[in-house]
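Since the structure is predicted, the reported quantities are computational estimates derived from the model, not experimental observations. Only this structure's heavy atoms are used, side chains among them; waters, hydrogens and symmetry mates stay out. A note on names: the letters A, B, ... follow the listed sequences, proteins ahead of strands, and every chain is numbered from 1.
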Amino acid sequence: MTRADLADLAPLAPLAILAVTPLVVTVAISVRRHHALALGITLAGLAAAVAAVPAALAAAPATAGALVTVDALSLSFTLLIALGTAVVALMSRPYLARSERRPEEYYVLLGIAATGAAALVSTEHLAGVILAVETLSVALFGLIAYPRDRAGAIEAGLKYLIMTGAASAVLVFGAALLYADIGGLTFDDIAARASGGFSVVGLAGLALVIAGLAFKLALAPFHMWAPDVYQGAPAPVSALIATVSEGAVAALAFRMLSATGALTEPALAAIVAGLAVVSMAAGNLLALLQTRVKRLLAYSSVAHFGYLLVAVMAAGPLGVEALLFYVAAYFVMTYLAFGVVTALSGRAGDADALDHFKGLCWRRPVLGIALVLSSLSLLGVPVTAGFIAKLYVLAAGASEARWGLVVAIALTTAISAFYYLRLVVVSLSRPAEDPRGDDRSLEAAALLTVLVALLIALGVAPGILEPLATRAADALF
Amino acid sequence: MIVLVLVAFLAAAGLLAWITGGRVARAIAAVALGLALAFGAVVLAIAAPDSAWRSFDEPWIPSLGIRLQFGVDGLSGILILLALVVGLLAVLVSWSEIRHRRGFFDFNLLVSLAGVVGVFGALDLVLFYVFWELMLVPMVLLIAVWGHEDRLRAALKFFVFTHAGSLFLLAAILALGAFYRAETGAWSFQLADLAGAAPTGYPGLVIMLGFFIGFAVKIPAVPFHTWLPDAHTQAPTAGSVVLAGLLLKAGAYGLIRFALPLFPEASIALAPIAMTLGVVGILYGAVLAFSQPDFKRLVAYTSISHMGFALLGIYAMTELALIGAVLLLVAHAFSTGGLFVVAGALEARLETRQLRRMGGLWASAPRLGAAALILVMASLGLPGLANFAAEFSIFFGAFGPAPWFVAAAAIGLILSALYGLRLLQGVFFGPPRWEGIADLSPREAAVLGVATVVLVVLGLYPIPVIDAASGAITAALDPLMSRGASP
């Protein structure tokens with residue numbers, strides 16, 4: 001292989017490294033079962049993928065066959081996915097060490113999930129989408145049900161399997177209809193037809209594809225699985241679903257909607273806008289009723305992906321920037337919230353009732369501050385990343401004169417103030433007695449501290465993501 | 001520059017106080033506020049109006065055209081100094097009241113003050129919003145952690161109301177920016193750029209309403225006021241002082257600085273409604289104040305009444321009325337803030353806020369009674385005290401364009417005499433029900449002394465405030481004049 005050939009491979013390196021990592025872990029643990037070894041190889045692989053991104057960006061865009069397209073947008077999201085998976089891996093170590101006798105395969109599944117997510121953001125072909133979504137979902141199914149001795153986890157895993165199977169069926173059926181109408185499955189094929197107007201079959205196909213993706217994003221009214229799965233899954237896995245999985249699907253949805261020009265079709269634009277409004281309203285209203293923190297966070301994620309859809313609908317450079325910033329900010333605040341839940345979870349099960357969080361700020365200051373700041377950020381209070389994210393989304397909506405969506409964001413955010421502030425108030429109230437068996441390791445505290453710093457940094461200096469966003473926007477528009 | 005320096009300094013001092021904790025924290029807070037006050041006063045006295053000290057401009061979020069743009073004119077200058085003075089008084093008031101988690105208390109207090117300073121200095125609307133929320137959240141925590149028996153509910157209510165109002169403001173800010181972008185092709189949120197960018201007709205009116213609601217919740221104008229009595233009653237004394245002295249002022253400041261000049265046409269259309277809300281607030285607040293059994297709740301309702309005067313003055317849209325409104329902002333900070341200090345002092349001694357359990361306290365605490373007497377007299381508009389100068393400027397200024405509103409508002413003065421005298425009579429006169437109540441400590445005497453001296457001085461000689469505020473008032477009125485508001 002010549003030097004020039006190797007340079008051609010640079011854009012594909014991050015994805016390739018992510019794909020190889022779980023294989024290496026598999027081989028390694030079949031030789032020697034060792035928790036730290038599995039974690040170490042996974043982290044090394046993720047770090048290598050991150051390190052490969054700058055070189056890949058310099059050489060992008062590139063394609064590999066019909067199914068893989070790597071450009072600045074996909075690399076930006078690959079970066080987020082790799083970093084996010086690393087955070088989940090770090091968060092999981094003490095959790096697994098407390099509750100699992102055989103934690104090694106967990107990291108294999110984690111690596112496969114990251115690979116699926118990265119593949120999902122690196123394709124412009126519906127067949128590629130289906131393959132990537134399946135890779136991601138199968139790994140997630142295993143991860144959700146990983147604690148085999150917990151009834152809740154098995155139930156959540158089964159529920160996810162059935163729901164995600166149904167969603168995939170819808171997605172595949174939609175792709176089949178599109179193929180019947182257009183005779184191709186690349187986004188360019190669809191775009192070529194969009195300019196001339198879709199037939200009814202093609203329109204139905206696209207609507208089904210959108211519905212399939214809405215299932216994966218847990219957008220209302222396809223959100224039923226989310227609260228049960230978030231509650232039953234181990235806390236770090238819930239975080240993984242909320243961030244890596246749903247973030248990748250959101251990026252894919254953005255690419256698909258803007259590349260195919262599907263939103264120029266008024267019916268489809270109305271469907272997507274409807275999904276956004278219903279998700280904001282349902283997510284926030286139902287979250288009001290929750291007394292379980294993981295369920296509350298599930299509904300909160302439904303609402304957040306509703307907000308995010310507003311950015312998804314705003315094609316163009318501002319849309320890319322809004323999307324990238326929102327997803328990055330959402331990653332950080334979700335890891336903070338689930339990081340606190342994870343650190344409080346013992347052998348007996350995950351910390352879920354509000355009582356677990358009572359007086360957290362006084363009992364465990366680092367955890368308390370992390371929970372308070374992540375709640376405020378999820379609400380969108382300034383000086384946290386969540387505010388800038390909300391600002392971007394509102395600007396994206398206002399720039400396209402989608403006033404209905406802008407007002408919906410403002411109103412539903414006002415509703416959400418109740419339950420986010422309740423988390424804040426609970427963690428500031430008089431302490432309950434300290435439950436035994438939770439994580440007091442320095443590791444969890446250090447991870448949360450870094451995330452808190454990142455949350456504030458993104459809120460105070462939001463410009464740090466702008467170069468990446470500009471590259472991604474240049475690649476698309 | 002000065003705003004950025006003060007914000008950073010107060011935030012850093014807050015962090016230091018939090019880390020140190022304990023008794024040292026309050027000393028750190030007091031010293032930091034004293035230094036900030038001295039620094040701010042010196043800089044504002046020396047720096048020329050267009051010097052680098054008074055303005056600052058750097059990009060913040062370039063892709064949305066959001067800049068770190070600060071500017072301090074006379075109005076901002078007075079209010080920033082007011083924030084630092086009131087902040088210092090709040091630290092002194094809480095000196096021995098707050099023992100529990102003292103460092104975190106001072107952190108919240110200082111960060112909230114940093115937000116207030118930023119609010120009064122920001123010239124970019126998004127930046128303004130950032131500080132607007134920055135002053136809110138620590139105040140919510142002050143109520144939620146150090147408040148009285150029903151603090152959690154009050155804090156939640158306070159936050160939900162004001163945050164909902166803020167979201168209308170945020171959506172309106174972005175809508176205005178989007179209209180500017182549609183016209184010029186680039187985002188901008190700077191006040192100077194956006195002047196004249198507001199769309200005419202219905203869209204402009206809707207966007208202006210977003211601003212108005214955001215500010216009116218904070219003032220608070222009836223019918224957005226219901227959070228205030230709860231928040232004030234449950235807050236620790238220092239929280240009440242900052243809330244009444246500064247946070248409410250930010251709402252009125254927002255109207256003068258942003259709502260009027262940005263939306264001249266829509267503001268003129270809204271003026272009758274806004275003045276009606278102001279008058280309703282004056283009367284409703286005064287009537288409810290009269291019937292409150294709880295000292296702090298009574299003072300809270302008088303706040304609604306007084307801020308109704310400010311709203312009337314702002315929307316009368318004459319120079320004299322606006323001068324009166326600005327004067328009232330300063331006067332009310334000290335008169336109402338002082339009354340909350342009296343309430344706190346009484347609660348610390350008697351362990352109750354119920355008026356029916358007080359009475360005849362003058363005998364044992366004459367100095368406390370004297371301070372309360374001056375504050376109540378200021379509050380009911382006795383000539384010679386600052387509130388009188390403010391309220392009568394508002395009346396004279398508003399009489400030309402809105403005589404009937406002024407006539408109705410004047411009834412509020414009578415009502416204020418009723419509730420004020422009832423308060424004094426019930427607490428300090430009548431048969432003594434308590435014996436051996438300690439009089440003012442030197443620290444309390446200093447706090448109340450500052451408040452009463454400022455009220456007397458500004459009552460006799462309000463010119464410095466009037467001069468300083470005139471630039472901002474002209475800037476607010478010029479666009480209105482050119483659209484046919486009465487001079």
Side-chain angles (χ1 to χ4, degrees), chain A residues 317-318 320-322 325 361-362 365 369 372-373 376 379-384 387-388 390-403 405-422 424-430 459-463 465-466 469-470 473, chain B residues 11 18 59-66 100-101 104 111 114-115 118 126-127 129-137 140-141 143-146 151-153 155-179 181-182 187 189 203 206-207 210:
Chain A
L318 182 60
V320 179
E321 201 168 329
F325 197 95
C361 284
W362 318 121
I369 293 165
V372 165
L373 284 177
L376 292 176
L379 173 56
V381 169
V383 196
T384 62
F387 167 67
I388 308 286
K390 195 149 274 171
L391 185 71
Y392 267 119
V393 169
L394 282 168
S399 71
E400 306 251 310
R402 296 188 201 278
W403 302 119
L405 290 177
V406 170
V407 171
I409 294 174
L411 285 178
T412 53
T413 303
I415 295 171
S416 72
F418 279 102
Y419 63 86
Y420 288 128
L421 204 73
R422 197 168 60 200
V424 173
V425 163
V426 163
S427 42
L428 281 167
S429 61
R430 302 255 151 80
V460 174
L465 279 183
E466 200 158 301
T470 315
Chain B
W18 188 5
W60 187 36
I61 310 179
S63 58
L64 291 177
I66 299 167
H100 187 57
R101 313 193 197 289
F104 192 48
V111 170
V126 173
L127 190 62
Y129 182 84
V130 167
F131 288 114
W132 182 257
E133 290 293 283
L134 186 63
M135 70 181 184
L136 169 65
V137 174
V140 172
L141 298 188
I143 299 175
V145 178
W146 294 274
R151 58 187 180 280
L152 295 184
R153 200 184 57 84
L156 194 61
K157 187 172 176 185
F158 170 46
F159 183 74
V160 169
F161 264 76
T162 46
H163 188 65
S166 305
L167 287 166
F168 281 102
L169 176 64
L170 181 62
I173 289 172
L174 282 157
L176 190 60
F179 271 99
R181 177 170 175 264
W187 289 98
F189 291 96
V206 171
I207 297 176

Peer 1: At a 4.5 Å cut-off on heavy atoms, which part of I66(B) comes close to chain A: side chain, backbone, both, or neither?
Peer 2: side chain

Peer 1: Does any heavy atom of chain B fall under 4.5 Å from the side chain of L318(A), the backbone, both, or neither of them?
Peer 2: side chain

Peer 1: I need the W403(A) CH2 to I207(B) CD1 distance, nearest 0.5 Å.
Peer 2: 6.0 Å

Peer 1: Supply the atom-to-atom distance L152(B) CG to R422(A) CZ, rounded to the nearest 0.5 angstrom.
Peer 2: 12.0 Å

Peer 1: I'd like to check V424(A) versus L141(B) (side-chain heavy atoms, cut-off strictly below 4.5 Å). Are they in contact?
Peer 2: yes

Peer 1: Do V140(B) and V425(A) come close enough that some side-chain heavy atom pair is under 4.5 Å?
Peer 2: no

Peer 1: I'd like to verify something: which residue of A398(A), P317(A), G463(A), A401(A) has the highest number of heavy-atom pairs under 4.5 Å with chain B?
Peer 2: A398(A)

Peer 1: Tell me, do S63(B) and Y392(A) make a side-chain contact under 4.5 Å, heavy atoms counted?
Peer 2: yes

Peer 1: Just wondering, do L421(A) and F158(B) contact through their side chains at under 4.5 Å, heavy atoms?
Peer 2: no

Peer 1: What part of L156(B) gets within 4.5 angstrom of chain A, counting heavy atoms only: side chain, backbone, both, or neither?
Peer 2: both

Peer 1: Under 4.5 Å heavy-atom distance to chain A, tell me which part of F104(B) shows up: side chain, backbone, both or neither.
Peer 2: side chain

Peer 1: Looking at A410(A) and L167(B), what are the two nearest heavy atoms and their distance?
Peer 2: O-CD1, 3.5 Å

Peer 1: Is W187(B) close to chain A through its backbone or its side chain, or both, or neither, when contacts mean heavy atoms under 4.5 Å?
Peer 2: side chain

Peer 1: Holding to ring pair (Phe, Tyr, Trp, His ring centres under 6.0 Å), I want the full list of residues that pass it with Y419(A), two or more places apart in sequence or in another chain.
Peer 2: none

Peer 1: Give me the atom names and distance for the closest heavy-atom approach of A178(B) to S399(A).
Peer 2: CB-N, 4.3 Å

Peer 1: Does W60(B) reach the main-chain N or O of V460(A) with its side chain, forming a donor-acceptor pair under 3.5 Å?
Peer 2: yes

Peer 1: Applying side-chain contact (heavy atoms from CB on, under 4.5 Å) to F168(B) and L411(A), what does each step give before you reach the verdict?
Peer 2: CA-CA 8 Å; F168(B) 281 102; L411(A) 285 178; 4.0 Å; yes

Peer 1: Taking side-chain contact (heavy atoms from CB on, under 4.5 Å) as the test, write out the residues that go with V381(A), two or more places apart.
Peer 2: L376(A), L379(A), V137(B), F159(B), H163(B)

Peer 1: Please identify, among A175(B), P62(B), P59(B), the residue contributing the most non-hydrogen atom pairs under 4.5 Å to chain A.
Peer 2: P62(B)

Peer 1: Should T413(A) and L170(B) count as side-chain neighbours, where that means a heavy-atom distance under 4.5 Å?
Peer 2: no

Peer 1: Side chain, backbone, both or neither: which part of F131(B) has an atom under 4.5 Å from a heavy atom of chain A?
Peer 2: neither

Peer 1: Between F418(A) and chain B, with a heavy-atom cut-off of 4.5 Å, which part of the residue counts as in contact: side chain, backbone, both or neither?
Peer 2: both

Peer 1: A side-chain contact here means heavy atoms from C-beta on lying under 4.5 Å apart; do L391(A) and V126(B) qualify?
Peer 2: yes

Peer 1: Under 4.5 Å heavy-atom distance to chain B, tell me which part of I388(A) shows up: side chain, backbone, both or neither.
Peer 2: side chain

Peer 1: Run the numbers on W362(A) and R101(B) for side-chain contact (heavy atoms from CB on, under 4.5 Å), then give the verdict.
Peer 2: CA-CA 9 Å; W362(A) 318 121; R101(B) 313 193 197 289; 2.9 Å; yes

